[in-house]
Amino acid sequence: MKITITRPDDWHLHLRDDDAMAAVVAHSAERFARAIVMPNLKPPVTTTEMAIAYRQRILSSLPADTRFEPLMTLYMTDLLDSEEIISAKQSGIVKGVKLYPAGATTNSDAGVTDIQKLYPVLETMQRETLPLLIHAEVTDSDVDVFDRERVFIDRHLVALSRSFPELPMVFEHVTTKEAVDFVRESQGRTAATITVQHLMYNRNAMLAGAIRPHFFCLPILKRNSHQQALIEAATSGDPRFFLGTDSAPHPQHTKECASGCAGCYTADSAIELYAEIFEQAGSLDKLEGFSSFFGADFYGLPRNKSSITLEKQPWVVPQSYPFGKDQVIPLAAGKQLQWRLVD
């Protein structure tokens, strides 16, 4: 059995930089035509000039004759101003601005401390139709880690949606039923990305019986009921939900330690894993819209002209891949998958 779909795009991807980036970028380029590249490097990508330079480094790291278009983003800090937003929009290569609450995830120390102080910048983004990409978690120490997404919705997203109804917003890597409901009920231009790991697993997979550090990501895996809400949203054909892997490679030793990094590496088998999830849900016919159409439509970009073919052909995901001077362990390491990319 084979299926052929329009070549998909990844609307949320971490590529890192330098040797680490060169080790993983081919996995994404094999499967996706384009990707929204996250800006949380060290130092973060805070200006259009830095985004242009980072884009060139990505292109220079691609294997010869590889067609892959990195779509760049800026990292929102308390110092971001409207002039930079206008420059980003005019560049043609910056497709969004990423809001990280300070301390929310990997390399987010320079993130936003007070969203309301950036309302003038958001007004400019709304006027320029430059999307706001949101890591929607509060970071207060008194808020349970499993509740941080829900609390962010109540504290910030409702107000943002009302204040900027024409601002395109992407609720990145949604993990809860409350997030799905917020997107569906929003009157604004709001969409959401959904990852492989949040569709495949719930928190039992990470914590029951043993701690599995390669399943640890932020936002963290939630209850089974939230997992089921995400599966239903992803496979529903609703164009407000589309593919974003949030593939985030880390060296093995930084995951398997006393204070492990958050992030799952899925770029090596992402579209195959999504196909498996959609088939199990009886919705394989909805995969193309979720992976190839809805994100492009939201960002106002043309749908891809090329295609990929997946075949029902079992294969085993490698236990690891080279990653700079170290190695990275993929989410599905050692797992037998039923779908394989063949073209």
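Each residue takes its place number in the sequence, starting with 1. Treat the numbers as computed from the prediction; the structure is a model and nothing was measured.
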Nearest heavy atoms of [X] and [Y], plus distance in Å:
| X | Y | result |
| --- | --- | --- |
| Asp140 | Val138 | OD1-CB, 3.4 Å |
| Ala102 | Gly111 | CB-O, 3.7 Å |
| Arg16 | Phe323 | CG-CZ, 4.2 Å |

Does [X] pair with [Y] as a salt bridge, N-O distance under 4.0 Å?
| X | Y | answer |
| --- | --- | --- |
| Glu149 | Lys222 | no |
| Asp19 | Lys325 | no |
| Asp268 | Arg31 | no |

Between [X] and [Y], a side-chain donor and acceptor under 3.5 Å:
| X | Y | answer |
| --- | --- | --- |
| Ser60 | Gln56 | yes |
| Gln116 | His156 | no |
| Trp339 | Glu279 | yes |
| Gln252 | Gln327 | yes |
| Asn304 | Asp9 | yes |

Margin query: So, applying salt bridge (charged side-chain N to carboxylate O under 4.0 Å, His left out) with Glu232, which one of Lys177, Lys286, Arg184 is it?
Written below: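 Among the candidates, only Arg184 passes.
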Notebook entry, point to check: Going through the checks in order, is the salt bridge (charged side-chain N to carboxylate O under 4.0 Å, His left out) test met by Asp17 and Arg57?
Noted result: CA-CA 8 Å; Asp17 208 349; Arg57 295 198 300 276; 2.8 Å; yes
Is the distance between the ring centroids of [Y] and [X] under 6.0 Å?
| X | Y | answer |
| --- | --- | --- |
| Phe242 | Phe293 | no |
| His135 | His173 | yes |
| Trp11 | Phe298 | no |

Note to self: Let me confirm one number: the CG-SG distance from Leu218 to Cys264, rounded to the nearest 0.5 Å.
What the structure shows: 9.5 Å
Is there a side-chain contact between [X] and [Y] (heavy atoms, below 4.5 Å)?
| X | Y | result |
| --- | --- | --- |
| Thr124 | Val121 | no |
| Thr73 | Val37 | no |
| Leu301 | Arg34 | yes |

Note to self: Can you tell me which residue among Val342, Thr4, Leu341 is in a side-chain contact (heavy atoms from CB on, under 4.5 Å) with Ile308?
What the structure shows: Leu341
Notebook entry, point to check: Picking from Ile134, Leu99, Leu133, what satisfies side-chain contact (heavy atoms from CB on, under 4.5 Å) with Met169?
Noted result: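 Result for side-chain contact (heavy atoms from CB on, under 4.5 Å) with Met169: Ile134.
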Notebook entry, point to check: When you look at CD of Glu49, are more than 12 heavy atoms from neighbouring residues, nucleotides or ligands closer to it than 6.0 Å?
Noted result: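 At most 12 heavy atoms, drawn from other residues, nucleotides or ligands, come within 6.0 Å of this atom.
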